Amino acid sequence: MNKKIVILPGDGIGKEVTTEGKSVLIKIAEIFGHEFEFDEAIIGHDAIEATGNPLPDETLTKLKNCDAILFGAVGHPKYDNDPTLKVRPEQGLLKMRKELGLYANLRPIKLFDELLEASSIKPEILKGSDILFFRELTGDVYFGEKGRRDDGNTAYDLMIYQRYEVERIAHKAFQAARTRNKKVTSVDKANVLESSRLWRETVQEVGKQYPDVQLEHLFVDSAAMKLIQNPRSFDVVVTGNLFGDILTDEASQIAGSMGMLASASVGDKVGLYEPIHGSAHDITGKGIANPLASILSAALLLDISFGMKQESELVIKAVEETLKQGYRTTDIADAKTTREKILNTQNMGAQVVSQLAKIASQLSVSANN
Ligand code: IPM
Ligand code: MN
C-alpha cells in the first residue's frame, strides 16, 4: 500500500519520540512491503520562532494533503510562565484540530501486564483494566467565546456544546462499545451545567439506537474518584473536551505512566496520532523520554487510518515483548527490582524495531501474506 505520512515533531521531547515512532513505521513498511512516503512540518513554539505563526499555512496545506499525521507535542515553559503572551504554541494544536475537523480523540488506557508494578495504584485494583476514552476535541470551553471585560479584572471562557457535536461523538463511542464490553459511561456535570444537560439528553437519545449497549452517566467529580477506585468498572467513556483532558491524564496512571499512552484524533478526513504526554521541557534533550507512547500512536495510525490490523498488532506485540525482556525507560522503571534494563529514548526505539523484525521472521510475515 502507498501512503503519505506527515511527521509533525513539534516542541520539547516531541522530536525525540516521533523519531522513534517514525523508525517503527519504516520497519513495518519494510516487513510488509508497503510504500510509506514521509514529509515533515513545523508547529508550536518552533513555528512561532521561524514564522511568527504556531500553525503556518504551509504546514496546514501539507496536513490537508496526506493520509495520516504522526504528531509529537507542543508547548514551551516560556509561555507557561508568562500568561500575557498573545501568540502561544498551543494555539497551533487547537487550530489544527479545528481545521482538520478532528472532533473525536480516542485515548485507550490499557495496562501492559509487565507494568503492573510501575503504577502508583495497587496492582490488584489495576489488573485487567481496559478503558477507551472518547474525548470530544473541537468544542467546549476550548473553543467557546473567551475574553476579558473592560475593567481587566474579569475573564470568561464560554462552555458551549451544540447537539450535533454531542451526537457524532456519542455515536462513535457506542459503535466502539459494540466491539468491546458493550458499556458506555458518559461523563458530565449535569447537576450544575446547562451544556452538560444538553450533553446528557443527547447521549440518552443516541443511546436508544444502541439498546444492546449499557449506558451509565456519571458526574465528572464522581468519575474522577471511581477511575482510581475501580478502573475495571469502565469500558468506553465519552466526555467533553475539558473533562476529557483532565480525566485522561488521571487515567494515565492506570497505564503506569503518561509515557505509555497513545491517542488518535479522527473526524472528517485525515487522522492525527499523538502521545497524550506533552512537550516535557524538563527532560528535553536528555534522551530519557519514553518513546513508547509515540510508537503506540504509530500502531493506532496503522490500524485506524490505514486499516492495517496485522501491522498494528505486530507493533503492539513488539512493545509487549520489549517490556517482557525487562527493557524500561526511567519513567516506567520499578525501583523495587534490579532486573530491569534501563534504556534511553533511542535505544528503546531500536529495541522495539529489532523485536518487530524478530517476531515478523518467526511468524514469517512477508509481503505475500
Ligand atoms: C492534550 C494537551 C492539550 C489539550 C494542550 C497542549 C493544549 O493537554 O492534548 O491533552 O489541552 O488538549
Ligand atoms: Mn492534556
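All values reported here derive from a predicted model rather than from experimental measurement. One-based numbering, in listed order, for ligands and for the atoms of each.
The hydrophobic cluster containing L115 also contains I131, counting ILVMFWY residues as joined when their side-chain heavy atoms lie under 4.5 angstrom apart, directly or transitively. Under the 4.5 Å side-chain heavy-atom criterion for Ile, Leu, Val, Met, Phe, Trp and Tyr, V319 and M308 are members of the same hydrophobic cluster.
Neither the backbone nor the side chain of Q91 has a heavy atom within less than 4.0 Å of ligand 1. Heavy atoms of H277 found under 4.0 angstrom from ligand 1: none, in either backbone or side chain.
In terms of N/O distances under 3.5 Å, ligand 1 is approached by R135. Polar contact with ligand 1: absent for E274 (N/O pair, distance under 3.5 Å).
Screening D67, D57, D39 for a salt bridge (charged side-chain N to carboxylate O under 4.0 Å, His left out) involving K62 leaves a single residue, D39.
Ligand 1 has at least one atom lying under 4.0 Å from a heavy atom of R107. The shortest separation from a heavy atom of I276 to ligand 1 is not under 4.0 Å, leaving the residue out of contact.
Protein heavy atom nearest atom 4 (C) of ligand 1, with residue, atom name and distance: Y142 OH, 3.4 Å. Protein heavy atom nearest atom 7 (C) of ligand 1, with residue, atom name and distance: E90 CG, 3.7 Å. Distance from atom 9 (O) of ligand 1 to its nearest protein heavy atom, with residue and atom name: R97 NH2, 2.8 Å. Atom 3 (C) of ligand 1 has its closest protein heavy atom at L93 CD2, 4.0 Å.
A cation-pi arrangement is present between R135 and Y142 under the rule of less than 6.0 angstrom and at most 45 degrees off the ring axis.
The two residues I109 and T248 make their nearest non-hydrogen contact at CD1-O, 4.5 Å. The minimum heavy-atom distance between L137 and F143, with the atom names listed, is O-CE1, 3.4 Å.
Using modelled atom types, one finds a donor on one side chain and an acceptor on the other under 3.5 Å when comparing S305 with Y273.
Below 30°, between 30° and 60°, or above 60°: for F36 and F38 the angle between ring planes is above 60°, a perpendicular geometry.
Taking the Mn ion (ligand 2) as reference, D245 places its N/O/S atom OD1 nearest.
Less than 4.0 angstrom separates some heavy atom of D245 from each of these atoms of ligand 1: 1 (C), 4 (C), 8 (O), 10 (O), 11 (O).
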